[in-house]
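Worksheet: one structure, shown below.
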Amino acid sequence: MGEVVVPRNFKLLEELEASEKGHGDMSVSMGLVKNDDIFLTEWNASILGPPGSIHDGRLYELRLTAGPNYPNEPPVIRFISKINMSSVDQRTGDVSYNPPAFPAWNRTMTLESALVNIKNAMNSSANRRLPQPPDGSRF
């Protein structure tokens, strides 16, 4: 027998419910931009900077787009809050999935796991001490 493939909207509904109930990593949060988005496409998210890094105490705002091919393709992620970090375009805030900072995307991953990977990358040796724009700066 083959693997059971959970449809896109069912997977996203599970992710939304888990986020609303506060399950998972409490240093990341997410929710729909519009509560009536029946396609569950546009998400607001935030990441609390990891302790002991230059990001400690900062709250970063992001936007995620779960496109029509999610979860077979990763979400598009863009920082709203300005951040100096490898894998983040310094003009647009777009996040690129560049190994080794991010593991290769697979359909078992979630929006939350993408945010956790970004948070972990903030604390990597390549990023943990990079000078940062003033708190509150936006792309």
Side-chain angles (χ1 to χ4, degrees):
M1 293 193 77
E3 175 186 345
V4 174
V5 176
V6 177
R8 175 190 178 280
N9 276 18
F10 287 3
K11 180 171 174 51
L12 286 168
L13 280 170
E14 287 176 359
E15 293 186 44
L16 179 60
E17 184 178 342
S19 177
E20 288 175 343
K21 290 184 176 180
H23 298 162
D25 189 320
M26 297 307 293
S27 64
V28 300
S29 64
M30 61 187 192
L32 290 172
V33 171
K34 296 180 182 172
N35 290 335
D36 63 351
D37 178 1
I38 61 170
F39 297 107
L40 308 170
T41 301
E42 296 295 325
W43 297 68
N44 286 319
S46 62
I47 298 175
L48 185 59
S53 72
I54 199 157
H55 307 285
D56 193 354
R58 288 188 174 206
L59 185 66
Y60 293 94
E61 182 183 350
L62 302 92
R63 179 67 57 92
L64 290 76
T65 302
N69 295 321
Y70 179 86
N72 293 326
E73 294 177 4
V76 174
I77 303 175
R78 183 174 57 87
F79 272 88
I80 304 299
S81 304
K82 203 155 181 69
I83 187 170
N84 182 14
M85 185 176 153
S86 65
S87 300
V88 175
D89 185 303
Q90 292 304 298
R91 291 168 287 129
T92 64
D94 292 338
V95 175
S96 61
Y97 291 87
N98 294 330
F102 300 100
W105 181 264
N106 67 67
R107 72 171 287 112
T108 64
M109 296 174 80
T110 62
L111 299 175
E112 179 188 18
S113 65
L115 294 171
V116 169
N117 285 333
I118 292 169
K119 181 192 72 166
N120 291 341
M122 288 176 175
N123 209 17
S124 72
S125 58
N127 293 311
R128 71 178 305 132
R129 300 206 192 296
L130 289 176
Q132 294 300 312
D135 202 9
S137 301
R138 297 169 76 80
F139 281 103

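In this chain, residues are counted from 1 in sequence order.
Taking all atoms of both residues into account, the shortest heavy-atom contact from Ile83 to Val88 is CG2-CG1, 4.0 Å. Trp105 approaches Ala114 most closely through the heavy-atom pair CZ3-CB, 4.1 Å.
Screening residues 59-77 for salt bridge (charged side-chain N to carboxylate O under 4.0 Å, His left out), with sequence neighbours left out, gives Glu61-Arg138.
Side-chain contact check for Asn84 versus Pro133: some heavy-atom pair is nearer than 4.5 Å. Thr110 has its side chain out of reach of Glu14: every pair of non-hydrogen atoms, C-beta onward, lies at least 4.5 Å apart. Looking at His55 and Gln132, their side chains come closer than 4.5 Å, going by heavy atoms from C-beta outward. Side chains of Lys119 and Tyr60 form no contact here, defined as non-hydrogen atoms less than 4.5 Å apart. Counting only heavy atoms from C-beta outward, the side chains of Arg128 and Asn123 approach each other to under 4.5 Å. At a threshold of 4.5 Å between non-hydrogen side-chain atoms, the residues Leu40 and Leu32 count as touching. With a 4.5 Å cut-off on side-chain heavy atoms, Glu112 and His23 do not count as touching. Contact check for Trp43 versus Leu16: side-chain heavy atoms found under the 4.5 Å cut-off.
A donor-acceptor contact shorter than 3.5 Å links the side chain of Asp37 to the backbone of Glu42. Checked by atom type and distance alone, the side chain of Tyr70 never pairs as donor or acceptor with a backbone atom of Lys11 at under 3.5 Å.
Note that the OG atom of Ser27 and the CG atom of Asn120 stand 8.0 Å from one another [nearest 0.5 Å].
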